[in-house]
Amino acid sequence: MKAAMQPFPRRRPVRQFFRLRAVVAAAMVLATVLVGCDTLLWFRLERELDHRLDRFIRSARAAGWHVSVRAGSRGGWPLAATLTLRQPSLRYRTSGPDGAWAFAWSGQAVTLSLSPWRPAQTTVLAIGTQSLSSVPDAGLPMPLRFWGARIALRLPEHDAGRPDRIALEAEALHVALPGAGPDDVVEVAAAAGRLRWPADREPGPATLSLSLRQVALPIALGRPEGRVVQHARLELGLDDATPGPLPRRLRPGAAIRLGEASLDWDGNRAALSGKAVLLSDGTASGTFRLSVDDAGRMLAKLRDNGLLSPGATVAAQAVAGLVGGPGNNATLHLPLQLHAGTLSLGEIPLLRLPRLR
């Protein structure tokens, strides 16, 4: 009797079933439209990558640079548009009779990417080992190999109406000479840099800033402990730079401003600043100021880590004692002169700088 009085389960109405089907169909149509729009946007960003690469190659070659790349591959869908180039290279030849390469960069691969969220910003990611070399006045190349967990260049925003600049970001950066072993590698925990240059046709100021954090010197230079430089910084300016990031050459009479070249190393700080003028023969002349906290301790660390020979350390300690007095642990200030490419302390030559071509 009780079983007969129980209510029967209610069946789903037919119109509710069709409503559910309509919602599912609308969701599928919306997803298809979104995928189609994203695909069309991806194709558009890929074409924009091609246009920007072509513009860069044309402007670089017009400035005297040699650019070569191999056919790459496209990807990044659906979150970005990417173009991976295999074995790219960028070189600049000197104007002398030998025609040697004054600057050369090459790498295993680079990836250009555009994001739908910031389509004006082009990002270049370095993949694998990269090679960089420059030829100083002696005519001998100075090659370097570098690689890292992430090495990214952020190029100027297209039609952004702001000063042109390139930003560098690197993590777990490794730098070494060709053929170097594991104990000969310089390790940098993080690096950040900015390069600004005049965008108009007339020359103007250009600035370069570079910051390195936790720089581990090679073990092969000295003892494994106490070899980590906590922070290094460079601020450099050029008052008469040619427009564009790839200038033909520096002009005579251009003023080079060294705002700061400093390092902090286990409580010791050294900083160099000054200004020089580029001469017609490619050398520079100017005045600089060097400040060192506890010069004796700093020189001892340079000696222990193989950056300064014992003889040079003794000579430098003698100079520091004459200028700052024996046993002086306070900050030492040294006026330096740069004349025709030779950096000196009074009548004592310290360093011969290469010509700037």
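Values reported hereafter were calculated over all heavy atoms of this structure, with side chains retained and with hydrogens, waters and symmetry mates removed. From a predicted model like this one, the values you see are computed outputs, not experimental measurements.
With sequence neighbours excluded, no residue forms a salt bridge (charged side-chain N to carboxylate O under 4.0 Å, His left out) with D184. Listed by chain and residue number, nothing satisfies the side-chain hydrogen bond (donor to acceptor under 3.5 Å, both in side chains) test with S115 (two or more places apart in sequence, or in another chain). For R233, the side-chain hydrogen bond (donor to acceptor under 3.5 Å, both in side chains) criterion is met by E235, not counting sequence neighbours. In this structure, the side-chain contact (heavy atoms from CB on, under 4.5 Å) partners of I57, at least two apart in sequence or on a different chain, are L53, R61, V67. By the side-chain hydrogen bond (donor to acceptor under 3.5 Å, both in side chains) test, S262 is found to be paired with E260, residues two or more places apart in sequence or in another chain being considered. Residues satisfying the side-chain hydrogen bond (donor to acceptor under 3.5 Å, both in side chains) test with D264, not counting sequence neighbours, are R269. Residues satisfying the side-chain contact (heavy atoms from CB on, under 4.5 Å) test with T129, not counting sequence neighbours, are Q108, R145, W147. Here T84 pairs with S73, R86, A109, T111, I127 under the side-chain contact (heavy atoms from CB on, under 4.5 Å) rule; sequence neighbours left out. Looking at residues two or more places apart in sequence or on another chain, you find a salt bridge (charged side-chain N to carboxylate O under 4.0 Å, His left out) between R257 and D239. Partners of S131 under the side-chain contact (heavy atoms from CB on, under 4.5 Å) rule, at least two apart in sequence or in another chain, are S106.
Contact between M298 and W265 at its shortest, heavy atoms only, is SD-CE3, 4.1 Å. The shortest non-hydrogen separation linking F288 to G274 is CD2-CA, 3.4 Å. Here the shortest heavy-atom pairing between A216 and R227 reads CB-NH1, 3.6 Å. Between R91 and A104 the shortest heavy-atom distance is CG-CB, 3.6 Å. When all heavy atoms of P88 and W105 are compared, the pair lying nearest together is CG-CH2, 3.6 Å. Closest of all the heavy-atom pairs between A81 and L49 is O-CD1, 3.5 Å.
Here the OG atom belonging to S68 is positioned 9.0 Å from the CG atom belonging to L90, to the nearest 0.5 angstrom. The distance from the CG atom of L155 to the CZ atom of F56 is 8.0 Å, given to the nearest 0.5 Å. Atom CG in L234 sits 6.5 Å away from atom CG in L258 (nearest 0.5 Å). Atom CD in Q337 sits 8.5 Å away from atom CG in L343 (nearest 0.5 Å). To the nearest 0.5 Å, the span separating CG on L208 from CG on L210 amounts to 6.5 Å. Expressed to the nearest 0.5 Å, how far NZ of K301 lies from CG of N268 amounts to 3.5 Å.
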Worksheet item: Should S113 and T82 be marked as a side-chain hydrogen bond (donor to acceptor under 3.5 Å, both in side chains) after you check the CA-CA gap, both sets of side-chain angles, and the distance that decides it?
Response: CA-CA 4 Å; S113 66; T82 63; over 6 Å; no

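Both L212 and I166 are assigned to one and the same hydrophobic cluster, defined by single-linkage of ILVMFWY side chains at heavy-atom distances under 4.5 Å. A single hydrophobic cluster is not seen to contain both V188 and V185; linkage of ILVMFWY side chains at heavy-atom distances under 4.5 Å, directly or through other members, places them apart. Cluster annotation: F146 is connected to L177 through the hydrophobic network of ILVMFWY side chains, with a link wherever side-chain heavy atoms come within less than 4.5 Å.
L236 is not listed as a side-chain neighbour of T207, based on a closest heavy-atom distance of 4.5 Å or more. Between T287 and L338, the closest side-chain pair of non-hydrogen atoms is not below 4.5 Å. No side-chain heavy atom of L153 sits under 4.5 Å from any side-chain heavy atom of T122. Side-chain atoms of I256 and V277, non-hydrogen and from C-beta on, never get closer than 4.5 Å to each other. A 4.5 Å side-chain heavy-atom check between V186 and H174 finds every atom pair outside the cut-off. Proximity of L195 to L168: side-chain heavy atoms (C-beta onward) are nowhere separated by under 4.5 Å. Here the side chains of V228 and V215 are not in contact, with every heavy-atom distance at 4.5 Å or above. Between I151 and L125, every side-chain heavy-atom pair lies at or beyond the 4.5 Å cut-off.
For the residue pair R289 and S273, no side-chain donor N or O sits within less than 3.5 Å of a side-chain acceptor on the partner.
Identified under the side chain to side chain donor-acceptor pair (under 3.5 Å) test for residues 208-217, with sequence neighbours left out: S211-H231. Each salt bridge (charged side-chain N to carboxylate O under 4.0 Å, His left out) pair with one or both residues in residues 70-85, not counting sequence neighbours, appears once here: E46-R74, D50-R74.
Note on E48 versus R44: no salt bridge recorded, every NZ/NE/NH1/NH2 to OD/OE distance being 4.0 Å or above.
Among L83, L41, L45, T123, the one residue that satisfies the side chain to side chain contact (heavy atoms under 4.5 Å, CB included) test with L114 is L45.
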